[in-house]
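Residue numbers begin at 1 in each chain, while the letters A, B, ... track the order of the sequences.
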Amino acid sequence: MTVTRFAPSPTGRLHAGNIRTALVNWLLARQDGGRFVLRMDDTDLARSSEASAVSIRADLAWLGLVPDVEVRQSERFALYDAALARLAAAGRAYRAYETPEELELKRKVQLQRGLPPVYDRAALALTQADHDGKAAAGIAPHWRFRLDTATPIRWHDGVRGDCHFDPAALSDPVVRRADGTWLYMLPSVIDDIDLGITAIARGEDHVTNSAVQIQMFEALGAPVPQLAHMALLTGADAALSKRIGSEGVDAWCAAGIEPQAVVALLARIGTSQPVEAVANVADLLPGFALSSFGRAPARFDPGDLLALNARTLHLLPYAAVADRLPDGMGEAGWLAVRGNLATLAEAADWQAVIAGPVVAAAEAEDRDFIVAAATHLTGLDWGDDIWARWVAVLKIETGRKGRGLFHPLRHALTGRDTGPEMAALLPLIGRAAALARLHAAAA
RNA sequence: GGUCCCUUCGUCUAGCGGUCUAGGACGUCGCCCUUUCACGGCGAAAACACGGGUUCGAUUCCCGUAGGGAUCACCA
């Protein structure tokens, strides 16, 4: 069974990149009936906020990506303490005392010499007496994970294929600060082990982290999950970004974007599969494959969202939108109108056309025709096929056809030049209202 | 500066030495579906970054150049 996780730090709202990561992990889990875990990475208490956690949950719910379990790292520190102790006992974690400033200086010097800015492991040479001295002086250590620099790191990546890293080019990561607070690297691994995570899909900004974390999994005696690193999304041009906002859910919501459009785009962008509208996130499940992701960064254009949104609306069933439709709009109204919508909000405009009032003066040359049309309509039995029968009669009686026949009727009845099929609209408008509008138009 | 990844139509991509006069999708344009919008159908324009190799033959392999992305934190 596949168990995946989405591990945001609650320091802000979700954005396109985040959402794609969440979506891909959700798809991976759901594809074989596995579990999807939401893990709040809130080890950095100062930057994390409850408000962010709440908004992340809300955003995921809106998108339809509901987790099976949620955990927060801030409640799991005891687990991390125990794991670090094991690592220390095994010689895979050690204490160090350099200040950030000292480390910064060392890095600068290395860079100037054209050397990779890797931690020199000076702390490894410290004796017990050195440690005692620090303790006596009231200086607490921070902890580093000791990499095994002798063994090349390899893994088969779900999207990048075979990957390899030379651990000697990597620094032993600091895993815990002197004040006892935790950094991302190790707790993430400990949780992945504890929660039984079997697959991790994330952005390629994590590849070197993965190299380090692979050694952590091994040092902790746990199997390494399947790893996959997706190329990052790059933004489109500024004009479009400003219009819809590539920032996140709230902006999309405000612009009338449906969650289905968001997930449909994000699930396929950067893959070899075509972007297509879906009525439900689950419709993305069949055929989803990490291997279809390209390795080059893909451009995310929020403008595409608008077009996809329209296509999404065109196929949404009544049940999916019923509670958000304008008063008075039933299933027939929705089906008649959805094909003409770019955003759901526009449904209200069409409901106004259906329910009226509509007054649209006919062109001078069409007045007689409209009068005749009203007369013929009066003589017909009302029914769902009224439009077809009415138009057929008018065609014969007035000799009009094509645009000259249809356009004046559409305009008089709806006040507009374009819109949904009149055959669907007329029964919704109703006999009395239709006649009233025709008379008004001809007056 | 080190390391890793990438470079095919406007966009996302297929392509894993000859089947490529380079395929698909979105977008664009045109035609059709006896009005419009939409849907659908049909069709069109549109791409192998550059330079060297290797080879009988390179989009495909190698090297270099240029360009792009990522990373080298006591952020996550």
Would you indicate what [X] reaches in the nucleic acid, counting non-hydrogen atoms under 4.0 angstrom: base, sugar-phosphate, or nothing?
| X | result |
| --- | --- |
| A/L341 | nothing |
| A/A298 | sugar-phosphate |
| A/L183 | sugar-phosphate |
| A/D179 | nothing |
| A/H229 | nothing |
| A/K108 | nothing |
| A/G419 | base |
| A/R176 | nothing |
| A/R410 | base |

Measure from [atom1] on [X] to [atom2] on [N] and round the result to the nearest Å.
| X | N | atom1 | atom2 | value |
| --- | --- | --- | --- | --- |
| A/D304 | B/rG10 | CG | C1' | 11 Å |
| A/L233 | B/rC5 | CG | P | 21 Å |
| A/L170 | B/rA70 | CG | P | 18 Å |

*Given the P atoms of B/rA45 and B/rA22, what is the spacing between them in whole Å?*
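Roughly 11 Å separates the two P atoms.
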*Considering only the C1' atoms, how many Å lie between B/rC9 and B/rU65, rounded to the nearest integer?*
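It works out to 25 Å between them.
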Just to verify, what does [X] make a ring pair (Phe, Tyr, Trp, His ring centres under 6.0 Å) with, not counting sequence neighbours?
| X | answer |
| --- | --- |
| A/H411 | none |
| A/F217 | none |
| A/Y97 | A/H131 |

Given [options], which nucleotide is nearest the side-chain atoms of [X]?
| X | options | result |
| --- | --- | --- |
| A/R144 | B/rA70, B/rC74, B/rU36 | B/rC74 |
| A/R299 | B/rC37, B/rC4, B/rU11 | B/rU11 |
| A/P117 | B/rC5, B/rC72, B/rC74 | B/rC72 |

With sequence neighbours excluded, give me every side chain to side chain donor-acceptor pair (under 3.5 Å) pair touching [range].
| range | answer |
| --- | --- |
| residues 263-290 of chain A | A/R268-A/E276 |
| residues 367-376 of chain A | none |
| residues 335-355 of chain A | none |

*asked:* Just to be sure I understand the geometry, which residues of residues 95-102 of chain A put a non-hydrogen atom under 4.0 Å away from RNA chain B?
replied: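 Result for residues 95-102 of chain A: A/E98, A/T99, A/P100, sorted by number.
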*Using a heavy-atom distance cut-off of less than 4.0 Å, which residues of residues 151-163 of chain A contact RNA chain B?*
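Those residues are A/R160.
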Could you pull out the protein-nucleic contacts involving nucleotides 38-43 of chain B (nitrogen or oxygen on both sides, under 3.5 Å)?
unit_1 : atom_1 : unit_2 : atom_2 : d
B/rA38 : O4'    : A/G339 : O      : 3.3
B/rA38 : O2'    : A/G339 : O      : 3.0

*Which letters describe nucleotides 59-66 of chain B, given B = protein heavy atom under 4.0 Å from base, S = only from sugar-phosphate, - = neither?*
--------
*With no hydrogens and no angle check, do the side chains of A/R410 and A/T414 hold a donor and an acceptor under 3.5 Å apart?*
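Short answer, no.
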*What residue pairs, at least two apart or across chains, pass salt bridge (Lys or Arg N to Asp or Glu O under 4.0 Å) with a residue in residues 147-165 of chain A?*
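Of all non-adjacent pairs touching residues 147-165 of chain A, those that pass salt bridge (Lys or Arg N to Asp or Glu O under 4.0 Å) are A/R160-A/E204.
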*Residue pairs, two or more places apart or on separate chains, that pass salt bridge (Lys or Arg N to Asp or Glu O under 4.0 Å) and touch residues 16-25 of chain A*: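 Passing the test, one end in residues 16-25 of chain A: no pairs.
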*Do the two ring centres, one from A/Y80 and one from A/W182, sit under 6.0 Å apart?*
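A/Y80 vs A/W182: aromatic centres under 6.0 Å.
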*Which atom of A/R95 lies closest to which atom of A/W143, heavy atoms considered*: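 Distance-wise, the nearest heavy atoms are CG-CZ2, 3.4 Å.
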*Taking N and O atoms by type only, does the side chain of A/D205 place a donor or acceptor under 3.5 Å from a partner on the base of B/rA76?*
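Under the 3.5 Å cut-off, the side chain and the base do not form any donor-acceptor pair.
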*Tell me whether A/H206 is stacked on the nucleobase of B/rA76, counting only the six-membered base ring and applying the 5.5 Å and 30° thresholds.*
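Answer is yes, a stack.
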